[in-house]
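Remarks on the structure that follows.
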Amino acid sequence: MNGFPRSAATGPCRRTLLFGTAGALTVGVVASNLTPVADGGTGPATDGSPPDPTGSPTLIAHRGFAGENPENTRAAARDATRSDGPGRRADLVEVDAVPTADGDVVAFHDDALAGRDGPGLTDAEGVVWETGTEAVTGAEVLHSGETVPLLGDLLDAVPTDVGVNIELKNPGSSALRFAEKLSGDALETQKSIWRPFVERVLDIAADRDHEFLVSAFYEAALAVTVDESEHPVAPILWRSIEDGIAIARAHDADAIHPPIEMIRGTPFFDESRYGDADLVDVARAEGRDVNVWTAKSWHEAERLAAAGVDGLIADYSTLS
């Protein structure tokens with residue numbers, strides 16, 4: 001993996017996390033450099049030249065390669081980082097973080113312990129942050145024999161030469177502003193909701209020697225992370241490229257994490273929604289990595305690498 005410093009034009013990098021193999025970067029795309037798109041919004045402008053392909057994208061194990069392992073468990077972390085695994089060893093392990101009713105931080109994705117179709121994600125019931133730590137950490141994940149781990153215990157299962165992408169899922173609140181750019185009082189109000197939880201997560205990370213990348217769908221979660229630490233951050237994009245780029249600029253993000261349908265030059269690109277926007281081109285110009293979610297097949301991985309993404313947030317180790 002190759003790291004790069006942020007240009008003076010976009011501010012100093014807080015902490016360099018090593019990422020993929022992007023080509024040479026240029027700086028000069030400014031906030032006003034946007035062009036209308038089909039749905040009446042705006043997106044980053046492009047000069048029409050496709051980004052260079054990425055030879056070996058950073059491989060980020062989504063929940064510990066959730067297609068191969070019981071997600072967000074210690075077993076998943078161990079398997080994703082084996083040198084003799086079924087595919088490529090992960091460069092980073094992505095893990096979700098939520099609190100319990102006792103204020104402990106666990107590695108878990110959903111709001112509800114059961115949730116999802118079929119047999120449910122675990123054999124327990126209840127909303128995670130309304131349930132005590134003992135009950136949460138005793139819940140069995142996908143009938144695997146693995147239980148929901150404390151975040152610190154999962155991190156201890158990741159070798160220190162492998163990076164960790166912590167996604168801040170929810171601080172235990174239903175009053176959140178999802179995937180939108182905020183300002184003024186709205187941002188400060190949201191930061192006050194997120195701050196106690198984010199501080200607990202950062203305290204846990206501070207006791208480990210890994211390189212960390214902190215991501216979230218919520219701007220306020222990233223803003224608190226930047227206030228309280230030097231860890232690099234990455235907004236996770238949902239429906240708006242414009243909001244994602246604005247959040248990345250506002251908080252000097254080292255990376256952005258878009259869904260695959262935002263990647264121009266692939267069969268998955270939603271032209272009806274994003275028009276002429278070229279997210280990879282803009283991100284490279286500003287010195288940010290593009291780590292795309294969620295790659296589930298070799299076909300997707302191959303097309304995304306050809307389009308120049310820096311990292312694949314993947315469910316399988318065998319994609320690249």
Side-chain angles (χ1 to χ4, degrees), residues 1-2 4 19-26 29 33-39 41-62 66-67 88 90-92 94 165 167 179 181 213 215-217 233-249 253-316 318-320:
M1 297 183 290
N2 300 319
F4 48 79
F19 291 115
T21 53
L25 303 174
T26 58
V29 180
N33 191 10
L34 300 169
T35 185
V37 293
D39 64 359
T42 57
T46 174
D47 64 5
S49 302
D52 293 333
T54 303
S56 182
T58 300
L59 185 59
I60 304 173
H62 184 232
R88 181 176 147 196
D91 298 310
L92 292 89
E94 187 262 358
N165 173 191
E167 182 184 340
K181 180 71 184 76
L213 172 67
S215 63
F217 281 103
V233 298
I236 307 174
L237 280 58
W238 183 240
R239 297 190 183 279
S240 172
I241 291 178
E242 182 182 13
D243 277 6
I245 290 291
I247 292 169
R249 289 169 175 164
D254 283 44
I256 53 177
H257 291 183
I260 63 174
E261 60 264 25
M262 287 186 179
I263 305 302
R264 190 173 185 82
T266 71
F268 328 115
F269 180 65
D270 189 344
E271 188 172 4
S272 66
R273 178 173 295 169
Y274 303 117
D276 292 332
D278 194 327
L279 182 58
V280 174
D281 192 42
V282 172
R284 283 194 173 183
E286 298 187 354
R288 308 183 210 283
D289 282 338
V290 177
N291 302 319
V292 67
W293 56 276
T294 303
K296 298 179 183 293
S297 71
W298 66 266
H299 169 75
E300 291 177 346
E302 185 177 86
R303 300 307 188 276
L304 292 164
V309 306
D310 300 282
L312 300 171
I313 302 174
D315 277 344
Y316 298 91
T318 54
L319 299 190
S320 66

Is there a donor-acceptor pair closer than 3.5 Å between any side-chain N or O of [X] and the backbone N or O of [Y]?
{"X": "Asp91", "Y": "Ile60", "result": "no"}
{"X": "Trp293", "Y": "His257", "result": "yes"}
{"X": "Glu300", "Y": "Lys296", "result": "yes"}
{"X": "Asn165", "Y": "Leu213", "result": "yes"}
{"X": "Arg303", "Y": "Phe268", "result": "no"}
{"X": "Arg264", "Y": "Gly275", "result": "yes"}

**OP:** State which residue, out of Leu237, Val292, Ile241, Val282, fulfils the side chain to side chain contact (heavy atoms under 4.5 Å, CB included) condition with Ile256.
**Re:**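 The passing option is Leu237.
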Subject >> Those residues that, when tested against Asp243, pass salt bridge (charged side-chain N to carboxylate O under 4.0 Å, His left out) (two or more places apart) >> reply: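 Result, salt bridge (charged side-chain N to carboxylate O under 4.0 Å, His left out) vs Asp243: none returned.
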Compare every heavy atom of [Y] with every heavy atom of [X], then report the nearest pair and how far apart it is.
{"X": "Pro57", "Y": "Ala305", "value": "CG-CB, 3.7 Å"}
{"X": "Asn291", "Y": "Ile313", "value": "O-CD1, 3.8 Å"}
{"X": "Trp238", "Y": "Pro259", "value": "O-CG, 4.0 Å"}
{"X": "Ala216", "Y": "Glu167", "value": "CA-CG, 4.5 Å"}
{"X": "Ser56", "Y": "Arg88", "value": "OG-NH1, 3.8 Å"}
{"X": "Asp281", "Y": "Asp278", "value": "N-OD1, 3.1 Å"}

Nearest 0.5 Å, what's the [atom1]-[atom2] distance between [X] and [Y]?
{"X": "Thr294", "Y": "His62", "atom1": "OG1", "atom2": "NE2", "answer": "4.0 Å"}
{"X": "Arg284", "Y": "Asp289", "atom1": "CZ", "atom2": "CG", "answer": "9.0 Å"}
{"X": "Leu59", "Y": "Thr318", "atom1": "CG", "atom2": "OG1", "answer": "9.5 Å"}

Subject >> Side chain to side chain, Leu304 and Thr266, heavy atoms closer than 4.5 Å >> reply: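 Answer yes - side chains close enough.
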Subject >> By side-chain hydrogen bond (donor to acceptor under 3.5 Å, both in side chains) - contacts of Glu94 (at least two apart) >> reply: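 Glu94: no side-chain hydrogen bond (donor to acceptor under 3.5 Å, both in side chains) contacts found.
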**OP:** Using the side-chain contact (heavy atoms from CB on, under 4.5 Å) rule, take Arg239 and Arg273 through it: C-alpha gap first, then chi angles, then the decisive distance, then the call.
**Re:** CA-CA 9 Å; Arg239 297 190 183 279; Arg273 178 173 295 169; 3.5 Å; yes
Original post:
Given Val309 and Val280, is the side-chain contact (heavy atoms from CB on, under 4.5 Å) satisfied, shown in steps?
Top reply: CA-CA 7 Å; Val309 306; Val280 174; 4.3 Å; yes
